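Read through the structure below, which is laid out as structure tokens, and then see the notes.
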Amino acid sequence: MAGRRVLVFPSSAELGPVLAQLVTSRAGKAIGSHGRFTLGLSGGSLVSMLSKELLALSELDCSKWLVGFCDERLVSFDDPESTYGLYKSQLFSKINIPESGILTIDCSLPVNECAEDYTRKLKEVFPDDDFPVFDLLLLGMGPDGHTCSLFPDHPLLEETKKIVAPISDSPKPPPQRVTMTFPVVNSARCVAFISTGGSKAPVLKEVLEDGEASPFPAARVVPTKGELFWLVDEPAAASLTIQVERLGSGAKL
Ligand SMILES: O=C1O[C@H](COP(=O)(O)O)[C@@H](O)[C@H](O)[C@H]1O
């Protein structure tokens, strides 16, 4: 697929520093061109890897960052399933991001209202865009091929109008969530998937090698104008037969 880069690292130990470098390089570029860096975060295994790698940098200035969530679980912030709660304890409390730079859901609302409220928050900070254009979205992919909270065979895969959608029947617990839709994901300037571990190998092969014929949600991530990276480790890449780039921890993106 034109423009897509599939980057394979020996292990997540080599992948992690390159993820941090990608974030800081796109942050520098965004702040230089429009004065702020808009970053969309996913949950799951990304939380601890990203937190660890960003905190390992000798200099990290997040004062001009605006962080949103690609999806969020509708649970209270002190629940161990809360993506915001995990980032708060592992990352946000340790960096200089202003509170106004973190767009959280209102977890006291019912799921439909929560999605509407998060849509309103995103529209406020992206007043000029029909669909918010994030500088960088960091995505994960489950072993079932889901990304954000967009699950295989779910009607939300066909959503074309909403910015944020509610889901109350997520096959992966917790069942109630809100998620960015594909039009938002595919409007980003840069999208990077981070996928590690052998449990991802079979689905990764189908997503990357079957192209648009693939039924998996992650295969529908094709930014219209932006960059697309897949950062994967050897165990996740074990079944791939396409051409990939093999990199080490010093790679610059
Ligand atoms: O439930 C979720 O799962 C995906 C994938 O997580 P991973 O642990 O397999 O990397 C994640 O990207 C998403 O944000 C989360 O809500």
Side-chain angles (χ1 to χ4, degrees), residues 7 9 11-12 15-16 19 22-23 39-53 67-77 79-92 102-105 107 111 114-115 118 122 134 136-154 156-157 164-182 184-186 188 190-208 216-221 228-238:
L7 313 176
F9 298 84
S11 74
S12 52
L15 186 160
L19 168 62
L22 174 68
V23 173
L39 172 66
L41 296 176
S42 294
S45 55
L46 179 70
V47 182
S48 53
M49 182 192 289
L50 181 68
S51 302
K52 173 172 161 267
E53 297 298 341
V67 170
F69 294 90
C70 301
D71 68 320
E72 177 59 288
R73 293 102 178 259
L74 188 52
V75 292
S76 68
F77 292 152
D79 187 300
E81 292 280 14
S82 165
T83 297
Y84 165 69
L86 292 174
Y87 276 112
K88 186 178 179 198
S89 61
Q90 294 181 39
L91 182 64
F92 299 150
I102 306 170
L103 295 180
T104 55
I105 63 160
C107 58
V111 71
C114 179
Y118 205 60
L122 286 179
F134 276 82
L136 176 62
L137 295 180
L138 298 179
L139 301 184
M141 178 183 69
D144 61 353
H146 85 269
T147 188
C148 303
S149 285
L150 298 163
F151 290 90
D153 301 321
H154 197 280
L156 277 188
L157 302 187
V164 177
I167 170 165
S168 47
D169 56 356
S170 165
K172 178 177 174 182
Q176 295 201 315
R177 296 154 171 247
V178 298
T179 183
M180 285 183 188
T181 58
F182 281 122
V184 179
V185 172
N186 285 329
C190 181
V191 178
F193 276 95
I194 295 84
S195 200
T196 59
S199 70
K200 309 284 169 77
V203 73
L204 189 67
K205 180 176 172 58
E206 295 201 49
V207 165
L208 294 181
F216 295 107
R220 296 194 183 203
V221 176
L228 176 60
F229 292 100
W230 278 86
L231 277 61
V232 306
D233 66 359
E234 278 292 356

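As the structure is a prediction and not an experimental result, all values here were calculated from the model. Order of listing sets the numbers, starting from 1, for every ligand and every atom in it.
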Side-chain atoms of residues 200-208: list all donor-acceptor pairs with protein atoms under 3.5 Å, sequence neighbours left out, distances to 0.1 Å.
| residue | atom | partner | partner atom | Å |
| --- | --- | --- | --- | --- |
| K200 | NZ | M141 | O | 3.0 |
| K205 | NZ | E209 | OE1 | 2.6 |
| K205 | NZ | S239 | O | 3.4 |

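Using cut-offs of 30° and 60° for the angle between ring planes, the F77 and Y84 rings count as perpendicular. Under the 30°/60° scheme for interplanar angles, the aromatic rings of F69 and Y87 are found to be tilted.
Across all their heavy atoms, R73 and G44 have their closest contact at NH2-N, 4.3 Å. Residue L46 comes nearest to S42 through the heavy atom pair CD2-O, 3.6 Å, listed as atom of the first residue, atom of the second, then distance.
Between the side chain of D79 and the backbone N or O of G85 there is no donor-acceptor pair closer than 3.5 Å.
Within 4.0 Å of ligand 1, counting heavy atoms only, the contacting residues are S42, G43, G44, S45, D71, R73, G140, M141, G142, H146, C148, K172, R177, K200.
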